[in-house]
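Below: one structure in structure tokens.
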Amino acid sequence: MSDNEKWLEEAWEFVIEKTTRNNETIGANFPHASVDKKYVLEDPEWWTAGFWPGLLWQVYQENKDDALRKTAEQCEANLDYLLSDSEKLDHDMGFMWTLTSLANYKLTGNKESRRRGLLAANFLLGRFNAQGNYIRAWNAWSKKEDNRGVAIIDCMMNLPLLYWASEETGDPRFKIAAEKHAETVKKHFIQPDGSVHHIVVFDPETGEVVDKLGGQGYAPDSAWSRGTAWALYGLTLSYLHTNNIEFLYAAKSVSHFFLSNLRPNECPAWDFRIPEDGEKRYSYPDSSAASIAACGLLMLGKLVTDFEKPIYQEAGANLLKTLYTTCATKEDKEEEGLLNNGTSHFPEQKNVDVPLIYGDYFFVEALNVLRQKDVLFW
């Protein structure tokens with residue numbers, strides 16, 4: 001066994017062992033961030049609800065452990081009430097039902113999961129603003145908020161739910177809306193150097209751009225690393241589903257920016273454009289940005305020419321290995337999270353330098369891709 005094969009198999013055994021143990025303690029609930037070595041649970045409507053069941057499905061496709069399947073299916077069922085309460089749903093329906101219902105349907109053929117996925121896709125389609133060609137983010141959680149014109153880069157990862165719905169039903173409306181949103185992202189979110197805005201605000205009546213905001217990044221024109229990773233993977237998936245070459249070019253541009261801002265054998269900083277202050281900018285890494293980017297790079301490597309493949313595949317594999325060697329909690333049996341050093345929301349000082357369930361999910365997905373065991377839920 002080569003050194004590359006050895007670390008990969010070690011990493012997978014670590015994932016199986018910790019996930020099997022976590023299944024007994026977390027059960028059919030919805031973890032977000034680990035505090036004091038235990039995952040804090042959120043309500044089902046929180047945007048991260050799909051990642052724990054999605055992680056279970058990633059492991060199940062390999063080991064066929066019925067205990068993992070049953071928990072994932074119960075998580076999916078626990079989301080049902082949201083599909084009859086549209087005021088609790090926002091743009092993150094893709095994250096939630098792609099990794100629950102679509103994963104279940106693709107792996108088991110469950111017809112009820114197909115129904116749930118299509119219903120969620122219809123709700124998501126209903127958030128499309130045809131004037132600005134964007135999917136509205138968030139809701140007005142208070143009377144003072146006006147989010148009607150807000151779009152965010154994270155939503156690129158919700159588009160595969162719409163692409164799937166068109167493929168599944170033969171109805172092009174879903175794909176058209178998804179592609180229009182991706183074109184808007186390419187036009188207004190991606191900067192010439194490949195960096196990415198987190199939030200763009202449109203006039204909801206005219207579709208004109210009103211503002212660009214920093215959101216979870218350091219500043220409006222900075223480069224939030226997880227937002228960069230969402231763009232990298234999301235644009236790659238949009239190219240996969242549409243063959244629109246402009247999305248491939250944009251994905252490459254973002255990937256080159258991401259890779260050029262990495263230091264060897266380290267996780268990315270939470271924002272790539274924090275003003276230089278000694279080593280301060282590197283003192284808060286984000287392992288979740290690395291795991292998402294690793295998935296995007298590995299997928300990109302499958303879609304480019306043979307000449308280009310090694311560039312992206314090797315970069316994705318190296319980033320994944322760095323995560324395992326520097327961030328994995330393999331020596332800490334009490335820690336439920338798989339990866340340390342995740343940074344959820346630095347500007348608000350929420351869940352800084354802790355394990356995050358989405359970082360864990362994409363780490364496991366990337367391992368499966370690298371091990372060539374992947375069924376693409378997206």
Side-chain angles (χ1 to χ4, degrees), residues 1 4-31 39 41 44 48-80 94-118 120 160-161 164 167-168 237 291 294-295 298-299 302 316-317 320 323-324 328-330 333 335-339 355 357-378:
M1 180 182 293
N4 280 340
E5 292 172 334
K6 184 177 180 181
W7 82 260
L8 199 52
E9 289 308 309
E10 285 179 358
W12 188 250
E13 289 303 317
F14 154 70
V15 165
I16 291 177
E17 179 184 355
K18 187 153 286 196
T19 301
T20 301
R21 187 164 64 249
N22 283 347
N23 188 46
E24 297 175 358
T25 56
I26 295 174
N29 291 293
F30 302 100
Y39 261 117
L41 305 179
T48 57
F51 291 110
W52 169 239
L55 192 159
L56 296 175
W57 283 122
Q58 286 288 350
V59 177
Y60 171 80
Q61 69 169 307
E62 167 74 4
N63 70 0
K64 298 298 187 290
D65 184 340
D66 275 344
L68 304 186
R69 176 185 58 80
K70 289 176 181 177
T71 300
E73 289 180 336
Q74 187 58 55
C75 286
E76 180 185 354
N78 290 346
L79 296 176
D80 275 352
F95 278 129
M96 296 166 73
W97 278 276
T98 299
L99 300 181
T100 55
S101 295
L102 268 61
N104 191 350
Y105 178 56
K106 289 181 178 183
L107 291 174
T108 73
N110 187 317
K111 297 298 184 182
E112 181 64 12
S113 294
R114 177 183 182 274
R115 183 193 67 80
R116 289 167 170 146
L118 291 174
L161 176 64
W164 169 81
E167 293 167 6
E168 192 67 21
L237 290 169
S291 61
C295 288
L298 291 170
M299 175 59 70
K302 294 184 175 184
L320 191 58
L323 277 174
Y324 178 62
T329 62
K330 51 187 181 294
K333 301 297 183 182
E335 173 59 66
E336 289 183 341
L338 298 179
L339 297 178
I357 191 61
Y358 40 93
D360 287 0
Y361 169 79
F362 285 104
F363 175 68
V364 176
E365 180 181 311
L367 287 174
N368 263 338
V369 173
L370 201 55
R371 297 169 64 249
Q372 299 182 342
K373 304 287 185 179
D374 55 308
V375 170
L376 183 65
F377 299 164
W378 307 101

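What you see below is based on every heavy atom in this structure, not just the backbone, and it leaves out hydrogens, waters and symmetry mates. Here the structure is a predicted model, which means the values were calculated and not measured.
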Of Leu367, Val15, Asn23, the residue whose pairing with Val59 passes side-chain contact (heavy atoms from CB on, under 4.5 Å):
Val15
For Phe95, give me all partners under ring pair (Phe, Tyr, Trp, His ring centres under 6.0 Å), at least two apart in sequence or on another chain.
Trp47, Phe51, Trp230
Between Tyr324 and Lys330, is there a cation-pi geometry (under 6.0 Å to ring centre, at most 45° from the normal)?
yes
For Glu13, what residues pass the side chain to side chain donor-acceptor pair (under 3.5 Å) criterion, not counting sequence neighbours?
none
Lys18 and Glu336 ion-paired at < 4.0 Å
no
Which residues pass the salt bridge (charged side-chain N to carboxylate O under 4.0 Å, His left out) test with Arg115, sequence neighbours left out?
Glu112
Does NZ or CZ of Lys64 lie under 6.0 Å from the centre of the six-membered ring of Tyr60, at an angle within 45° of the ring axis?
yes
For the residue pair Tyr361 and Trp378, does the interplanar ring angle fall in the parallel (under 30°), tilted (30 to 60°) or perpendicular (over 60°) class?
perpendicular
Quick one: pull up CG in Leu107 and CD in Gln58 and give me the separation to the nearest 0.5 Å.
8.0 Å
Answer whether the closest heavy-atom distance between the side chains of Leu68 and Trp57 falls below 4.5 Å.
no
Test item: Trp52 and Thr71 side chains (from C-beta on) under 4.5 Å apart, heavy atoms
yes
Just checking, Arg116 and Trp97: is the charged tip under 6.0 Å from the six-membered ring centre and within 45° of the axis?
no
SB check Glu17 Lys333 (cutoff 4.0 Å)
yes
Just checking, is any N or O donor in the side chain of Asn368 or Glu62 under 3.5 Å from an acceptor N or O on the other one?
no
